[in-house]
Amino acid sequence: MTVRKFAVHIGVSDRMVSHWERGGVGIVPRPSNQSALDTSLSVAGTEVQERFAVLITEQAAAAEDQRTEILLAADPLQFVRHPVDAKLMAAVPEGIYLGGDAGETTWLPSFHIDVFPTTNADYFRFVSATGHPPPQHWDGPRHPNSLFDHPVVWVTWRDAAAYAAWAGKALPTSDQWEKAARGTKGNIYPWGNSPTAAKCNVSDSGIGHTTPVSRYQSGASPFGAYDLCGNAWEWCVTESSPGRRELKGSAFTSPFVRATPSAFNDASTSMSDEDTGFRCVAEHL
């Protein structure tokens, strides 16, 4: 793109883009601009994502940057776009993972999981296509524009299951969700074993509301999935007792100590709240 077209694409001025180019790697954009850049990359095609990953990895390797291994592991070719809801999905290969507080060995077949939680924009397409009732925080049948890339909340388990059925997907089992979050080696958190609250949106962060799903790049899991700690609890298909289903991931309302992917939580299938959303899985793509 030209500078002008790219500025319009991101929603900044021409001068701002030129300022970024002159500043090079030393530039730190404002959080809102960084979020716009992250969102642009996340919805770009595979060719663009691959070119970006190669460029950044080469730069990191040349500088002996410790992030090189992570960049190499985050292979953009493992992301595919689902044919129904057009969401990016990350491949989780078959095999064992170490799950639960005790690191128990569990084998799972391969599956794909949404890279990002279901956003308000995603859910709007579902509501428009099916006539399903919108969440209570929307302005009538449409989400507030400022929340288009935030996780949809105020959805019951039945709402989440209805979206999954429409998209030809499923809600994850608690094991699938945990493996996608922790990787095969049983990391305590998606990013590793360091208790770093700054890598997710929890109550310790002091934000007090949901954030764009692509905000926390450094908190992504080994398979490339975002927001598996914090922002919004996520419904699973796993039934904990009659009429109740498991929830994973914690939320902006939760303390960081509740953010470990192994932590147990559940709720009634009729419950909806300001901090509860979902993402989907697909076994065959």
Side-chain angles (χ1 to χ4, degrees), residues 90 92 96-108 111 113-118 151-157 160-161 170-211 213 215-216 218-281:
V92 180
I96 63 170
Y97 83 101
L98 303 179
D101 293 333
E104 298 172 356
T105 300
T106 302
W107 186 92
L108 290 177
F111 62 95
I113 190 164
D114 289 338
V115 172
F116 303 108
T118 304
V152 67
V153 292
W154 291 109
V155 288
T156 67
W157 182 87
L171 295 179
T173 66
S174 58
D175 282 334
Q176 286 176 323
W177 194 101
E178 189 175 339
K179 180 177 181 179
R182 301 179 69 182
T184 59
K185 298 179 180 179
N187 294 339
I188 298 175
Y189 304 100
W191 55 84
N193 295 319
S194 300
T196 312
K199 293 180 181 288
C200 56
N201 180 11
V202 288
S203 61
D204 308 54
S205 308
I207 296 173
H209 52 75
T210 58
T211 48
V213 296
R215 173 168 175 169
Y216 292 96
S218 63
S221 80
F223 300 111
Y226 283 50
D227 266 6
L228 291 167
C229 281
N231 218 5
W233 287 102
E234 297 183 9
W235 286 111
C236 292
V237 73
T238 306
E239 190 173 41
S240 53
S241 61
R244 298 181 70 85
R245 303 284 175 151
E246 288 194 34
L247 291 161
K248 285 289 191 180
S250 76
F252 72 90
T253 55
S254 310
F256 182 65
V257 294
R258 293 282 288 143
T260 53
S262 62
F264 174 82
N265 190 19
D266 70 345
S268 167
T269 55
S270 60
M271 185 277 292
S272 68
D273 210 339
E274 64 175 345
D275 64 355
T276 304
F278 67 98
R279 78 178 71 208
C280 297
V281 295

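What you are looking at is a predicted structure, and each value in this text was computed from that prediction instead of being measured.
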Taking atom types as modelled, find out whether N201 and T210 have a side-chain donor-acceptor pair closer than 3.5 angstrom. no

Between T118 and F278, is there a donor-acceptor pair closer than 3.5 Å when you use the side chain of the first and the backbone of the second? yes

Could you tell me whether the side chain of S174 reaches within less than 4.5 Å of the side chain of F264, counting heavy atoms only? no

For V153 and A232, the nearest pair of non-hydrogen atoms, with its separation, is CG1-CB, 4.1 Å

For the atom pair NZ (K185) and CD1 (I96), what is the distance rounded to the nearest 0.5 Å? 11.5 Å

Quick one: closest heavy-atom pair of P190 and G219, and the distance? CB-O, 3.5 Å

Say whether, by atom type as modelled, one donor and one acceptor occur between the side chain of S203 and the main chain of S254 under 3.5 angstrom. yes

Which one of T105, D175, T106 satisfies the side-chain hydrogen bond (donor to acceptor under 3.5 Å, both in side chains) criterion with Y97? D175

Only one of H209, E274, R258 passes side-chain contact (heavy atoms from CB on, under 4.5 Å) with T253; say which it is. E274

Rounded distance [0.5 Å steps], OG in S262 versus CZ in R182: 5.0 Å

Distance, nearest 0.5 Å, that separates SG of C280 from CD of E234: 10.0 Å

Would N231 and R215 satisfy side-chain contact (heavy atoms from CB on, under 4.5 Å), going step by step from the backbone distance to the final call? CA-CA 10 Å; N231 218 5; R215 173 168 175 169; over 6 Å; no

Check: S250 and W233 side chains under 4.5 Å, non-hydrogen atoms: yes

Any idea which heavy atoms bring G192 and N187 closest together, and the distance? O-CB, 3.8 Å

Of the options L247, L171, T276, which is the one that meets W157 in a side-chain contact (heavy atoms from CB on, under 4.5 Å)? L171

Kindly indicate, with the supporting measurements, whether the criterion side-chain contact (heavy atoms from CB on, under 4.5 Å) is fulfilled by Y216 and D227. CA-CA 7 Å; Y216 292 96; D227 266 6; 4.1 Å; yes

Step by step, work out the side-chain contact (heavy atoms from CB on, under 4.5 Å) result for F223 and I113. CA-CA 9 Å; F223 300 111; I113 190 164; 5.9 Å; no

Kindly give the heavy-atom pair with the smallest separation between A181 and P222, and that separation in Å. O-CD, 3.7 Å

So, S241 side chain and R244 main chain: donor-acceptor pair closer than 3.5 Å or not? no

Hey, what do you get for NZ (K248) to OG1 (T260), rounding to the nearest 0.5 Å? 8.0 Å

Inter-residue atom distance Q176.CD - F111.CZ, 0.5 Å rounding: 5.0 Å

So L228 and W177, side-chain contact (heavy atoms from CB on, under 4.5 Å) or not? Walk me through it. CA-CA 8 Å; L228 291 167; W177 194 101; 3.4 Å; yes

Considering all heavy atoms, the nearest A180-V92 contact: CB-CG2, 4.3 Å

Hey, does the side chain of R245 reach the backbone of V237 with a donor-acceptor pair shorter than 3.5 angstrom? yes

Is the distance between the ring centroids of F256 and Y189 under 6.0 Å? yes

Closest non-hydrogen atom pair, V115 against G224: CG1-O, 3.4 Å

Quick one, W154 and D273 - any side-chain contact, counting heavy atoms below 4.5 Å? yes

